[in-house]
Amino acid sequence: NAGVTQTPKFRVLKTGQSMTLLCAQDMNHEYMYWYRQDPGMGLRLIHYSVGEGTTAKGEVPDGYNVSRLKKQNFLLGLESAAPSQTSVYFCASSFRLHNNQPQHFGDGTRLSIL
Amino acid sequence: ELKVEQNPLFLSMQEGKNYTIYCNYSTTSDRLYWYRQDPGKSLESLFVLLSNGAVKQEGRLMASLDTKARLSTLHITAAVHDLSATYFCAEGGGADGLTFGKGTHLIIQP
């Protein structure tokens with residue numbers, strides 16, 4: 001009964017380093033999302049995917065790339081980390097149909113860029 | 001520009017009191033969601049509101065949706081300490097994700 005699993009949970013990077021955040025869901029959801037949460041800003045959508053092999057930009061996509069090679073996985077990459085990317089990152093997923101269902105969120109990845 | 005505005009952003013109240021959090025949104029999507037977040041934790045879904053006049057209740061929390069006014073409310077009845085959290089409303093929910101309000105940080109004091 002895992003739901004949405006994010007790895008890692010915490011990470012500290014130096015400016016200019018790269019890393020990949022992994023999101024895995026076991027609910028057979030078609031849609032997957034990456035959000036970032038900053039103090040006083042709520043959650044903002046970075047990128048999203050409506051199915052395997054497809055991705056699209058959200059509200060704040062700059063500096064990030066994503067891939068969805070398998071339906072259950074959605075990867076978020078930072079090619080050259082910047083201090084402005086210090087944030088808590090949440091992955092979420094949902095069904096394509098069944099509009100009465102909410103998005104399900106992972107536990108978050110706390111990322112600090114020094 | 002799509003906006004979701006919550007107020008108040010901070011609320012300190014006493015146990016036993018009633019209060020309402022307001023959420024105004026600017027689109028015609030008319031799907032409104034309420035989430036709860038405890039410090040350092042994930043987001044927990046509270047309510048999904050899909051039509052004008054929708055009202056849902058769970059324990060001491062009741063949410064409603066007025067699509068004509070583009071307003072949703074989250075009402076807290078006889079607050080208890082365990083309801084202290086940050087509450088988010090969000091609009092959308094289709095393929096292109098949710099637009100969140102900034103959240104209401106609620107502190108309930110004995």
Side-chain angles (χ1 to χ4, degrees), chain A residues 2-6 9-10 23 25 27 29-52 54-61 66 68 74 76 87-110, chain B residues 1-10 21 23-27 29-52 54-56 58 63 65 67 72 74 85-105:
Chain A
V4 180
T5 303
Q6 292 183 231
K9 297 189 183 304
F10 303 93
C23 176
Q25 53 93 5
M27 296 173 283
H29 287 168
E30 292 88 356
Y31 295 166
M32 295 188 75
Y33 313 87
W34 277 106
Y35 296 88
R36 62 177 287 173
Q37 183 177 27
D38 301 295
M41 296 293 293
L43 279 77
R44 293 180 292 170
L45 184 65
I46 305 171
H47 285 279
Y48 63 96
S49 169
V50 299
E52 183 177 323
T54 69
T55 63
K57 295 180 179 180
E59 180 186 355
V60 288
V66 288
R68 191 153 177 217
F74 194 29
L76 178 70
S87 188
V88 180
Y89 293 85
F90 286 99
C91 177
S93 67
S94 66
F95 283 115
R96 177 174 61 88
L97 298 177
H98 310 294
N99 283 337
N100 61 335
Q101 297 299 312
Q103 289 184 11
H104 295 263
F105 284 80
D107 288 339
T109 295
R110 284 151 183 79
Chain B
E1 179 184 337
L2 174 63
K3 285 186 177 181
V4 177
E5 296 185 347
Q6 288 182 238
N7 70 84
L9 297 182
F10 297 95
I21 299 170
C23 176
N24 289 92
Y25 60 97
S26 62
T27 72
S29 171
D30 295 340
R31 284 176 295 180
L32 202 291
Y33 303 79
W34 285 96
Y35 285 87
R36 168 181 172 150
Q37 186 180 38
D38 293 305
K41 302 296 185 181
S42 184
L43 279 78
E44 173 191 358
S45 175
L46 294 175
F47 301 108
V48 179
L49 304 169
L50 297 175
S51 61
N52 187 42
V55 177
K56 291 193 174 181
E58 182 71 34
L65 179 62
T67 59
S72 181
L74 180 66
T86 298
Y87 293 86
F88 291 95
C89 65
E91 184 276 338
D96 54 356
L98 294 170
T99 299
F100 282 84
K102 293 184 177 181
T104 296
H105 183 54

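All of these numbers come straight from a predicted model, not from anything done at the bench. Throughout, protein chains are lettered first and strands after them, A, B, ... in sequence-line order, and every chain is numbered starting at 1.
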With sequence neighbours excluded, tell me which residues meet side chain to side chain donor-acceptor pair (under 3.5 Å) with B:Thr67. B:Asn52

Going through the checks in order, is the side-chain contact (heavy atoms from CB on, under 4.5 Å) test met by A:Phe90 and B:Gln37? CA-CA 12 Å; A:Phe90 286 99; B:Gln37 186 180 38; 3.6 Å; yes

Could you state the interatomic distance from OG (B:Ser45) to NE2 (A:His104), rounded to the nearest 0.5 Å? 7.5 Å

Between A:Val50, A:Asp107, A:Leu43, A:Val88, who has the most heavy-atom pairs with chain B when the cutoff is under 4.5 Å? A:Leu43

Contact part of A:Leu45 toward chain B, heavy-atom cut-off under 4.5 Å: side chain, backbone, both or neither? side chain

Which residue pairs pass the salt bridge (Lys or Arg N to Asp or Glu O under 4.0 Å) test when at least one of the two sits in residues 32-41 of chain A, sequence neighbours left out? A:Arg36-A:Asp38, A:Asp38-A:Arg44

Select one option (side chain, backbone, both, neither) describing which atoms of B:Tyr35 are under 4.5 Å from chain A's heavy atoms. side chain

Short side-chain to backbone donor-acceptor contact, A:Tyr35 and B:Leu98, under 3.5 Å: yes

Could you grab the distance from atom CD of A:Gln103 to atom CG of B:Leu43, nearest 0.5 Å is fine? 10.0 Å

OH of A:Tyr33 to CG of B:Asp96, rounded to nearest 0.5 Å, is 7.5 Å

